[in-house]
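Structure, as structure tokens:
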Amino acid sequence: MLDYHLHLLRHGEDGPYRVESVRAYAEMAAARGVGEICVTEHLFRFRQADRLLHGWWDADPDGRLREQTAAYWAEHATGDLDEYVEAVLGAGPAGAPIPVRLGVEVDYYPGRMDEVAALLAGWPFDLLLGSVHWLGAWGFDQMGDPVVDEQWESREVEAVWDAYVAAIEELAATRTADVLAHPDLAKVAGIVPAGDLAPWWDRLAKAAAENGVAAEVSSAGWRKPAAEAYPAPSLLARFKAAGVPVTTASDAHELALVADGTDRLRGLLAAAGYTELRGFERRRPSPWAV
Ligand SMILES: [Zn+2]
Ligand SMILES: [Zn+2]
């Protein structure tokens, strides 16, 4: 098994990024039956991303959302990407019990992904996760923030899912990312359209398959109001049918949650018929054991 989605800092916590933290993550993962980890801090934690992308939220017509996202970025974009990369690379191979890969979790910035890819080419990443956390300037998974929650109350859930799936389709088509993180994150708040979800699942599976992007199977959804892994079993079945390779992940933002739910994820994979995972080194895929 893999844990290919790990953050060294909690939201609201600042650096520095330390080799010791990365080693502790590797030890915890190894103790929980994981054979390889990839550390994937959010790109928006770094000043280098802020310099490139600052103000991307200005395209949203809603002033309250623009303001909330600007404040969120100001709070998060404080780290140094070089320091982070050094901490992760410094943890292996001799000092960690299992291999430690270098990654980053990259959001979808419409029309800006060529610039993002050019920025990221400056570091030796093993894996780029692709995520959609914002629809326009609405950071829809930041539940508990009143500005965010208000949107969940006022928007039609079908429109939210349409916008989310369209963003994933666009992100996949840019081919910036190797793996789609938490592919059905639109369900994070536990608000799901009534009736048949198949049309959305089909679009997500097609987007991954057509663009050669893998999908992440993550225990993080069990810790959210969605109360279900990402992806839902019926979406995972579609990924399998479409030939989409998968990684496994915890999306931990703290040591105690590293490799969280590994055994449950194994059960999901077995039920969907997956007998193999996809590993990455310097963005080249290779097979990995479940
Ligand atoms: Zn994420
Ligand atoms: Zn994450």
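All of these numbers come straight from a predicted model, not from anything done at the bench. Just so you know, ligand 1 is whichever comes first in the structure, and atom 1 is the first atom listed for that ligand.
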With a cut-off of 2.8 Å, does H133 place any N/O/S atom under that distance from the Zn ion (ligand 1)? yes
Salt-bridge contact D263-R266 (side-chain N to carboxylate O under 4.0 Å): yes
If you check every N/O/S atom of E105, which is the one nearest the Zn ion (ligand 1)? OE2
Side-chain H-bond candidate by donor/acceptor type, E36 with Y4, under 3.5 Å: yes
Would you say the Zn ion (ligand 2) has H5 as a near neighbour, meaning an N/O/S atom of that residue under 2.8 Å away? yes
If you stand at the Zn ion (ligand 2) and look out to OD1 of D251 and NE2 of H7, what angle do those two lines make, to 10°? 90°
Of the N, O or S atoms in H182, the one nearest the Zn ion (ligand 1): NE2
Examine R112 relative to W56 and say whether NZ or CZ is less than 6.0 Å from the centre of the six-membered ring and inside a 45° cone about the ring axis. no
Ignoring hydrogens and geometry, is there a side-chain-to-backbone donor-acceptor pair from T40 to L6 under 3.5 Å? yes
Parallel, tilted or perpendicular: which one describes the rings of F44 and H76, with boundaries at 30° and 60°? perpendicular
